[in-house]
Colleague: 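Here you go, one structure.
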Amino acid sequence: MVLDSLTILFALAPLSLMVGVVLYLVWLRERAEPGLRLWAFSMMLRVPAFLLLSARGQIADVWSIAVANGVLLIGVGIGIKATRSFGRRTTATAVVFLPAMTWGLIC
């Protein structure tokens, strides 16, 4: 059985959703840790990006390339912010959104 990239992306969507929901439920019990909520939001934000990326060729390229990668970059940026918050470090908002804005300008 050969797994292509589209199948892997399509499989990552429900996995990311499940991980995001579990992280959110853990955060509900431990609200003193804001990184858990940010990680949950980051994982849930990646779900539509994975689905759009896996639909490449069946939907318009602007959605499957430009929008999907922009949303994915924002999700990764929020994940970086969440990871840094576990170490009690601050992260500028520009670090979260600058890669996605750069991607948008390039597209």
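The first residue in the sequence is number 1, and the count goes up from there. If you're wondering where the values come from, they're calculated on a predicted model, not measured in any experiment.
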Colleague: What distance do Leu6 atom CG and Ser54 atom OG have between them, rounded to the nearest 0.5 Å?
Modeller: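 Rounded to the nearest 0.5 Å, the CG-OG separation comes out at 6.5 Å.
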Colleague: Can you tell me how far the CG atom of Leu73 sits from the CD1 atom of Ile78, to the nearest 0.5 Å?
Modeller: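 Rounded to the nearest 0.5 Å, the CG-CD1 separation comes to 11.5 Å.
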Colleague: Do the non-hydrogen side-chain atoms of Ile74 and Val71 ever get within less than 4.5 Å of each other?
Modeller: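 No, their side chains stay 4.5 Å or more apart.
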Colleague: CG/Leu9 to CG/Leu52 distance, rounded to the nearest 0.5 angstrom?
Modeller: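 One gets 11.0 Å once the value is rounded to the nearest 0.5 Å.
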Colleague: When hydrophobic residues are tied together by side-chain contacts of less than 4.5 Å, even through go-betweens, does Leu23 share a cluster with Val47?
Modeller: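 Same cluster: Leu23 reaches Val47 through Ile, Leu, Val, Met, Phe, Trp or Tyr contacts under 4.5 Å.
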Colleague: Any idea which heavy atoms bring Pro34 and Ser85 closest together, and the distance?
Modeller: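 So the minimum-distance heavy-atom pair works out to C-OG, 4.3 Å.
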Colleague: Once ring-ring contact (aromatic ring centres under 6.0 Å, His included) is applied, what residue pairs with a partner in residues 49-78 remain, sequence neighbours excluded?
Modeller: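 Passing the test, one end in residues 49-78: no pairs.
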Colleague: With a 4.5 Å heavy-atom cut-off, do Arg56 and Ile65 have their side chains touching?
Modeller: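 Yes - at least one pair of side-chain heavy atoms lies under 4.5 Å apart.
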Colleague: Determine the minimum heavy-atom distance between Ala49 and Ala68, stating which atoms define it.
Modeller: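 Reported closest heavy-atom pair: CB-O, 3.4 Å.
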Colleague: Under 3.5 Å, side chain of Ser42 to main-chain N/O of Gly75, donor-acceptor pair present?
Modeller: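 Present.
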Colleague: Closest approach of Ala40 and Gly20, non-hydrogen atoms and distance?
Modeller: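 Here Ala40 and Gly20 meet closest at CB-O, 3.3 Å.
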Colleague: Give a yes or no on whether Leu105 and Val76 share a hydrophobic cluster (residues Ile, Leu, Val, Met, Phe, Trp, Tyr; joining criterion: side-chain heavy atoms under 4.5 Å apart).
Modeller: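 In one cluster: no.
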Colleague: Is a side-chain donor or acceptor of Trp103 paired with a backbone partner of Ala66 at a separation under 3.5 angstrom?
Modeller: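 Answer holds: yes.
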Colleague: Is there side-chain contact between Leu53 and Asn69, with at least one heavy-atom pair below 4.5 Å?
Modeller: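 Yes. Closest side-chain heavy atoms under 4.5 Å.
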Colleague: Give every residue pair that meets the ring-ring contact (aromatic ring centres under 6.0 Å, His included) criterion with at least one member in residues 13-45, sequence neighbours excluded.
Modeller: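 Found Tyr24-Trp27, Trp39-Phe86.
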Colleague: Can you measure from CG (Leu17) to CE (Met44) and round to the nearest 0.5 angstrom?
Modeller: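 Leu17 CG to Met44 CE: 7.0 Å, rounded to 0.5 Å.
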Colleague: Would one find more than 12 heavy atoms of other residues, nucleotides or ligands at under 6.0 Å from atom CZ of Arg84?
Modeller: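 Yes, CZ of Arg84 has more than 12 neighbouring heavy atoms, counting only those of other groups under 6.0 Å.
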Colleague: Are any of the side-chain heavy atoms of Arg46 and Leu72 separated by less than 4.5 Å?
Modeller: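 Contact flag for Arg46/Leu72 side chains = yes.
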Colleague: Listed by chain and number, what are the salt bridge (charged side-chain N to carboxylate O under 4.0 Å, His left out) partners of Arg88, not counting sequence neighbours?
Modeller: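 Testing Arg88 for salt bridge (charged side-chain N to carboxylate O under 4.0 Å, His left out), a comparison that skips the adjacent residues, returns Glu33.
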Colleague: Using modelled atom types and a 3.5 Å cut-off, is there a donor and acceptor pairing between side-chain atoms of Ser16 and backbone atoms of Ala13?
Modeller: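 No, Ser16 side chain to Ala13 backbone: no donor-acceptor pair under 3.5 Å.
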Colleague: Nearest 0.5 Å, please: how far is CG in Leu25 from CG in Leu36?
Modeller: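 If we round to the nearest 0.5 Å, Leu36:CG and Leu25:CG are 11.0 Å apart.
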